[in-house]
Amino acid sequence: MMTSSPVLDRPNLRGGVKQSPRDYDRLARFLPPLEWAIYAQDIAAINELKLQKNAIILAHNYQTPEIFHGVADIVGDSLALARAAVDTSADIIVMAGVEFMAETAKLLNPNKKVLIPDRRAGCSLAASITGADVRLLKSQYPGVPIVTYVNSSAEVKAESDICCTSANAKKIVESLGVPRVIMLPDEFLAQNVARETDVEIIAWHGHCEVHEKFSAAEIESYRADHPGIVILAHPECPPDVVQVCDFSGSTAAMIDFVTTKKPPRVLLLTECSMSDNVSFNQPDLEFIRPCNLCPHMKRIDLAGVRRALETLEHEVTIDPAISDRARAAIERMLVV
Ligand code: 13P
Ligand code: SF4
């Protein structure tokens, strides 16, 4: 049986990319009826808890549709979520995303309670490097600035000069006005940026376990099987993949491309839930959907979000010995 959820929208949230008014009937039609019957109660409870506790939910574009369209107050790419975290007047921030995103929100809101519904929501890029690795690199390349992708731990950010996201990496690298930078920890992002700038980039060997799986041969076969297809790639994909695609950009840039250009047949080379979330608002476009799932993002579910709001667990804390330096690296990025 399909059930509509008797919940109201939360008005007047400040900052970030606000969710458009909810359409629960459409969400109910979009999801399998059995799933909606399960989700509707959690969605109603979560939206009520947010009002009671003056909490907001920030959700990354890779969250599943019932979170993304059902309970999130602000959605976006890593950059939008970081900016939204600066602007919110809520007392509690629930991060429906992975640990580094929750840490970024906490660093920018040291006096607010930041919750992550599941502590195991990590990231292969963040796990690829430690603060000690960065200190070693600095001793090998004295004076070369360190640009660190936000997909990194607070400890690594604390050793860095400035952060970047996939949306602003080239701009950040060039903003430093130097001939050479070290870019951590995503090797493919670094190589993709290096192709577009004269700044020499020294890369680390971290990879995103989701995007590294895409191959150029796969793209060729999609083009052969689906004439006229427009292919968009996240810059965490290998460079030979990005080079045979029609567009590359952050998750928000990909959404913007689809929303404004409306390619009739489109493939998003990124995490599975992106196509689900974008197609919700673009029912006339055909999405070809290879599915590479991020196991870390998928640790977050509605039940976990509800539990976080009920119990106020799991609270994100940052070691005071590193928080000021990590925050400074993020704040430098936000003013470029
Ligand atoms: P975006 O900043 O483009 O949303 O990317 C974050 C991420 O984790 C991609 O894998
Ligand atoms: Fe990390 Fe890749 Fe998952 Fe993004 S998709 S959170 S980069 S493992």
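Note that the structure is a prediction, hence the values are computed from the model and not measured. Every number for a ligand or one of its atoms is a count from 1 in the order of the listing.
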- Task: Hey, could you give me each pair passing salt bridge (charged side-chain N to carboxylate O under 4.0 Å, His left out) that has a residue in residues 280-298? Not counting sequence neighbours.
- Result: Arg265-Glu286, Glu271-Lys298, Asp276-Arg289
- Task: Output the list of atoms in ligand 1 that are nearer than 4.0 Å to some heavy atom of Ser166, sorted by atom number.
- Result: 1 (P), 2 (O), 3 (O)
- Query: Is the SG of Cys208 found under 2.5 Å away from the SG of Cys123?
  - Reply: no
- Query: Do Val178 and Ile172 share a hydrophobic cluster, counting only Ile, Leu, Val, Met, Phe, Trp and Tyr and linking them when any side-chain heavy atoms are less than 4.5 Å apart?
  - Reply: yes
- Note on the structure: Within 4.0 Å of some non-hydrogen atom of Glu236, the atoms of ligand 1 are 7 (C), 9 (C), 10 (O)
- Task: Verify, without hydrogens or angle tests, whether Thr104 (side chain) and Phe100 (backbone) share a donor-acceptor contact under 3.5 angstrom.
- Result: yes
- ligand 1 versus Thr165, non-hydrogen atoms closer than 4.0 Å: side chain, backbone, both, neither? neither
- Do side-chain atoms of Trp204 reach the backbone of Ser128 as a donor and acceptor pair under 3.5 angstrom? yes
- Task: Provide the number and element of each atom of ligand 1 under 4.0 Å from a heavy atom of Ser250.
- Result: 3 (O)
- Query: atom 5 (O) of ligand 1: which protein heavy atom is closest, and how many Å away?
  - Reply: His234 NE2, 3.3 Å
- Item | Polar protein atoms (N, O or S) that approach atom 1 (Fe) of ligand 2 to under 2.8 Å | Cys123 SG
- Query: Judged by non-hydrogen atoms, does His211 sit under 4.0 Å from ligand 1?
  - Reply: yes
- Item | Region of Val210 engaging ligand 1 - heavy atom pairs below 4.0 Å | neither
- Message: Closer than 4.0 Å to some heavy atom of Tyr62 - which atoms of ligand 1 meet that?
- Response: 7 (C), 9 (C), 10 (O)
- Query: For residues 132-191, which residue pairs qualify under ring-ring contact (aromatic ring centres under 6.0 Å, His included), counting only residues two or more places apart or in two chains?
  - Reply: Phe188-His207
- Item | Result of checking Asn192, Thr270, Asn151 against Glu236 for side-chain contact (heavy atoms from CB on, under 4.5 Å) | Asn151
- Query: Distance from Met297 atom CE to Cys272 atom SG, nearest 0.5 Å?
  - Reply: 12.0 Å
- Is Glu271 near ligand 1, meaning one of its heavy atoms is under 4.0 Å from it? no
- Message: List the residues meeting side chain to side chain donor-acceptor pair (under 3.5 Å) with Asn277, not counting sequence neighbours, and say none if there are none.
- Response: none
- Query: For ligand 1, which atoms, with element, lie under 4.0 Å from some heavy atom of Asn151?
  - Reply: 7 (C), 8 (O)
- For ligand 1, which part of Ser78 has a heavy atom less than 4.0 Å away: the side chain, the backbone, both, or neither? both
- Item | Parallel, tilted or perpendicular: rings of His226 and Tyr222 (30°, 60°) | parallel
- Should the heavy atoms of other residues, nucleotides or ligands under 6.0 Å from NZ of Lys262 be counted, would the total exceed 12? yes
